[in-house]
Amino acid sequence: LVQFQNPEKQKSMDQIEELLTEVKKQGGIAQFNHPWESGEPGSKNEKFWSPIHESLYQKGLVQTIEVASGKNMDPKLLELAEQKGLTAMGNQDLHPTLDSKLRQYNYPHRNMTILFVKERSEAGVKQAILEDRTVAVWNNTLVGKKKNLELLMRSVLSVKAVTTIN
């Protein structure tokens with residue numbers, strides 16, 4: 001949406017809605033990318049959420065929000081995702097080579113999103129995203145909604161009672 005707010009690359013709201021309506025019509029998933037670069041002064045959450053975002057959200061044209069990308073992550077985005085019912089995603093939007101950016105930021109790995117799929121298929125991936133079953137991985141940190149972090153921990157950790165005998 002930044003490019004649509006940039007006067008040099010100005011697109012009309014009608015063009016944005018037309019594009020996202022077509023994405024939805026074809027069964028696609030649309031995402032708010034780079035939310036830390038958007039927003040308008042005076043809006044409710046001016047750093048992340050503008051009237052354009054709200055309008056597209058109210059029309060059901062966007063289902064996910066990027067909470068981590070490259071060196072950027074802000075916990076307030078998780079709050080926003082929770083408030084709006086948007087699926088939290090972690091992405092790697094690298095245009096140069098991955099290795100050079102990882103070294104530049106001293107990151108141990110690329111960003112990614114863990115999906116809790118019920119079946120290993122395209123439909124299973126889409127279902128996990130639309131049903132908000134994701135956790136982002138950013139800079140050795142799990143970033144996600146509490147319910148999904150708990151699901152992840154329950155699936156990988158085992159807790160046993162330990163007794164000691166004197």
**Q** Give the minimum heavy-atom separation between A136 and V67, together with the two atoms involved.
**A**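 Closest approach of A136 to V67: CB-CG2, 4.2 Å.
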**Q** I would like to know whether E79 and Q83 meet side-chain hydrogen bond (donor to acceptor under 3.5 Å, both in side chains); could you show each step before the answer?
**A** CA-CA 6 Å; E79 292 174 26; Q83 290 168 4; 4.9 Å; no
**Q** Can you tell me how far CD1 of I52 sits from CD of E17, rounded to the nearest 0.5 angstrom?
**A**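 Here the interatomic distance stands at 10.0 Å.
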**Q** Transitively linked via ILVMFWY side-chain contacts under 4.5 Å: V137 with L115?
**A** no
**Q** Do I29 and F32 sit in the same hydrophobic cluster, where Ile, Leu, Val, Met, Phe, Trp and Tyr count as joined when their side-chain heavy atoms come under 4.5 Å apart?
**A**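 No.
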**Q** Between Q31 and N91, is there a side-chain heavy-atom distance shorter than 4.5 Å?
**A** yes
**Q** Which residue pairs pass the side chain to side chain donor-acceptor pair (under 3.5 Å) test with at least one member in residues 148-159, sequence neighbours excluded?
**A**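 For residues 148-159: none.
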**Q** Ignoring hydrogens, what is the shortest heavy-atom contact between T134 and A128? Give both atom names and the distance.
**A**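 Closest heavy-atom pair between T134 and A128: CG2-O, 4.4 Å.
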**Q** So, the side chain of D74 versus the backbone of K76: is there a donor-acceptor pair under 3.5 Å, distance only?
**A** yes
**Q** Quick check on the hydrophobic clustering: are L151 and M112 connected, directly or via other members, by side-chain heavy-atom contacts under 4.5 Å?
**A** yes
**Q** Check the pair V117, Q127 against side chain to side chain contact (heavy atoms under 4.5 Å, CB included), reporting the backbone distance first and the verdict last.
**A** CA-CA 7 Å; V117 298; Q127 180 185 35; over 6 Å; no
**Q** Grab the two heavy atoms, one from I65 and one from A81, that are nearest each other, plus how far apart they are.
**A**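 Taking every non-hydrogen atom into account, CG2-CB, 3.8 Å.
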**Q** Is any side-chain heavy atom of K118 less than 4.5 Å from a side-chain heavy atom of E131?
**A**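 Result yes, sub-4.5 Å side-chain heavy-atom pair found.
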**Q** I would like to know whether L86 and T64 meet side chain to side chain contact (heavy atoms under 4.5 Å, CB included); could you show each step before the answer?
**A** CA-CA 5 Å; L86 296 168; T64 72; 5.8 Å; no
**Q** Are M73 and V143 side-chain neighbours, meaning at least one heavy-atom pair lies under 4.5 Å?
**A** yes
**Q** So L142 and M153, side chain to side chain contact (heavy atoms under 4.5 Å, CB included) or not? Walk me through it.
**A** CA-CA 11 Å; L142 297 172; M153 292 300 104; 3.6 Å; yes
**Q** As a quick check of understanding, evaluate side chain to side chain contact (heavy atoms under 4.5 Å, CB included) for L149 and V135, giving each step before the final call.
**A** CA-CA 7 Å; L149 291 170; V135 170; 3.7 Å; yes
**Q** Are more than 12 heavy atoms from other residues, nucleotides or ligands located less than 6.0 Å from atom CD of E119?
**A** yes
**Q** Taking the side chain as every heavy atom from C-beta outward, state whether T87 and D132 have any pair of such atoms under 4.5 Å apart.
**A** yes
**Q** Find the distance between NZ (K24) and OG1 (T21) and round it off to the nearest 0.5 Å.
**A** 8.0 Å
**Q** Looking at K145 and A88, would you say the former's side chain and the latter's main chain have a donor-acceptor pair under 3.5 Å?
**A**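 Here the side-chain-to-backbone pair does not exist.
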**Q** The criterion is salt bridge (charged side-chain N to carboxylate O under 4.0 Å, His left out); which residues satisfy it with E82, sequence neighbours excluded?
**A**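 For E82 there are no salt bridge (charged side-chain N to carboxylate O under 4.0 Å, His left out) partners, ignoring immediate neighbours.
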**Q** If the condition is side chain to side chain contact (heavy atoms under 4.5 Å, CB included), which residues does E54 pass it with, not counting sequence neighbours?
**A**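 With sequence neighbours excluded, E54 shows a side chain to side chain contact (heavy atoms under 4.5 Å, CB included) to W49, Y57, Q58, K84, given in chain and number order.
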**Q** Taking the side chain as every heavy atom from C-beta outward, state whether Q63 and I129 have any pair of such atoms under 4.5 Å apart.
**A**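 Side-chain contact under 4.5 Å: no.
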